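To keep things clear, I will list the structure first and then write my remarks on it.
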Amino acid sequence: MTTSSEYLVLRLKPKARRLFTPTLVLAAVSFALAFIVEQISATDYNYALIAGGTIVVLFWLFPLLSYLACYLELTSTRLVYRFGFLGFRKRQLLLSELSSIEIQKEGRLGRQVISILSVDGTEYRIGGYAKNKHLAAEIEAWAKAAS
């Protein structure tokens, strides 16, 4: 009986640039609440605190938790991509089932994404990571070794 051990080769997080806008929202709400604290009544300030807390939860906390739950993991036998709201979506691809890897530009800004095609025709698009060319070369090299 042979057992194949799978080990972690690479684990990447998305670019932290995704957190710039949520951090601006947090700063704006904090500064607005600090500015109006002495200008309105205590009851109105409580309502402003509730509104500010709701905005912070929706536009800062949820994006932060989503960022922390997303990753790309390359092991010796498979590629795991976890993304979406709080990282609930997860896609796995065995490296032996990999057909081709391409780097494509997407959108008007020319954002680079890695397009991975599996043997059965399913396409996986991975974006938001640094050094896409190096990452694609690393995946391709491990896929050749796994075949």
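Keep in mind that this is a model prediction, so the values were computed, not measured.
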* Could you tell me which non-hydrogen atom of Y81 sits nearest to which non-hydrogen atom of R125, and how far apart they are? => CE2-O, 4.0 Å
* **Nearest non-hydrogen partners of Y7 and W142, listed with the distance** => OH-CH2, 3.3 Å
* **Under 3.5 Å: donor-acceptor pair, side chain of S66, backbone of G84** => yes
* Distance in Å, L10 CG paired with S76 OG, rounded so as to fall on 0.5 Å steps -> 12.5 Å
* **Interatomic spacing from CD in Q92 to CZ in R82 - rounded to 0.5 Å** => 11.0 Å
* Look at atom OH of Y71 and say whether more than 12 heavy atoms of other residues, nucleotides or ligands are closer to it than 6.0 Å. => yes
* Going through the checks in order, is the side chain to side chain contact (heavy atoms under 4.5 Å, CB included) test met by R91 and L93? -> CA-CA 7 Å; R91 294 187 179 160; L93 176 67; over 6 Å; no
* Asked: Can you hop from L19 to V25 via hydrophobic side chains spaced under 4.5 Å?
  -> yes
* To do: Examine L65 and F59 and state if one hydrophobic cluster contains both, with Ile, Leu, Val, Met, Phe, Trp and Tyr joined whenever side-chain heavy atoms are less than 4.5 Å apart.
  => yes
* Distance-minimising heavy-atom pair for A48 and I40 -> CB-CD1, 4.5 Å
* When hydrophobic residues are tied together by side-chain contacts of less than 4.5 Å, even through go-betweens, does Y124 share a cluster with I139? -> yes
* Structure fact -> CD1 of I126 to CD of Q112, rounded to nearest 0.5 Å, is 14.0 Å
* Answer whether the closest heavy-atom distance between the side chains of D44 and I36 falls below 4.5 Å. => no
* To do: To the nearest 0.5 Å, tell me how far L98 CG sits from S100 OG.
  => 7.0 Å
* Asked: Does the pair L74 and L95 meet the rule for a side chain to side chain contact (heavy atoms under 4.5 Å, CB included), with working shown?
  -> CA-CA 9 Å; L74 177 65; L95 293 178; 4.0 Å; yes
* Asked: When clusters are formed by joining ILVMFWY residues with side-chain heavy atoms under 4.5 Å apart, either directly or through shared neighbours, do F88 and V80 land in the same one?
  -> no
* Shortest non-hydrogen contact from I101 toward I114 -> CG2-CG2, 3.8 Å
* **Closest approach of Y129 to L72 (non-hydrogen atoms, all atoms of both residues)** => OH-N, 3.4 Å
* Locate the shortest heavy-atom distance separating L33 from G52; write the atom from each residue and the value. => CD1-CA, 4.5 Å
* From E97 CD over to L117 CG, what is the distance, rounded to the nearest 0.5 angstrom? -> 12.0 Å
* Atom OG of S99 and atom CD1 of I116: how far apart are they, to the nearest 0.5 Å? -> 11.5 Å
* Asked: Would you find more than 12 non-hydrogen atoms of other residues, nucleotides or ligands less than 6.0 Å from E38 atom CD?
  -> no
* Treat each ILVMFWY residue as a node, draw an edge where side-chain heavy atoms are under 4.5 Å apart, and state whether V37 and Y47 are in one component. => no
* Let me see the working for I103 and K133 under side chain to side chain contact (heavy atoms under 4.5 Å, CB included), right down to the final yes or no. => CA-CA 7 Å; I103 296 178; K133 291 180 182 178; 3.5 Å; yes
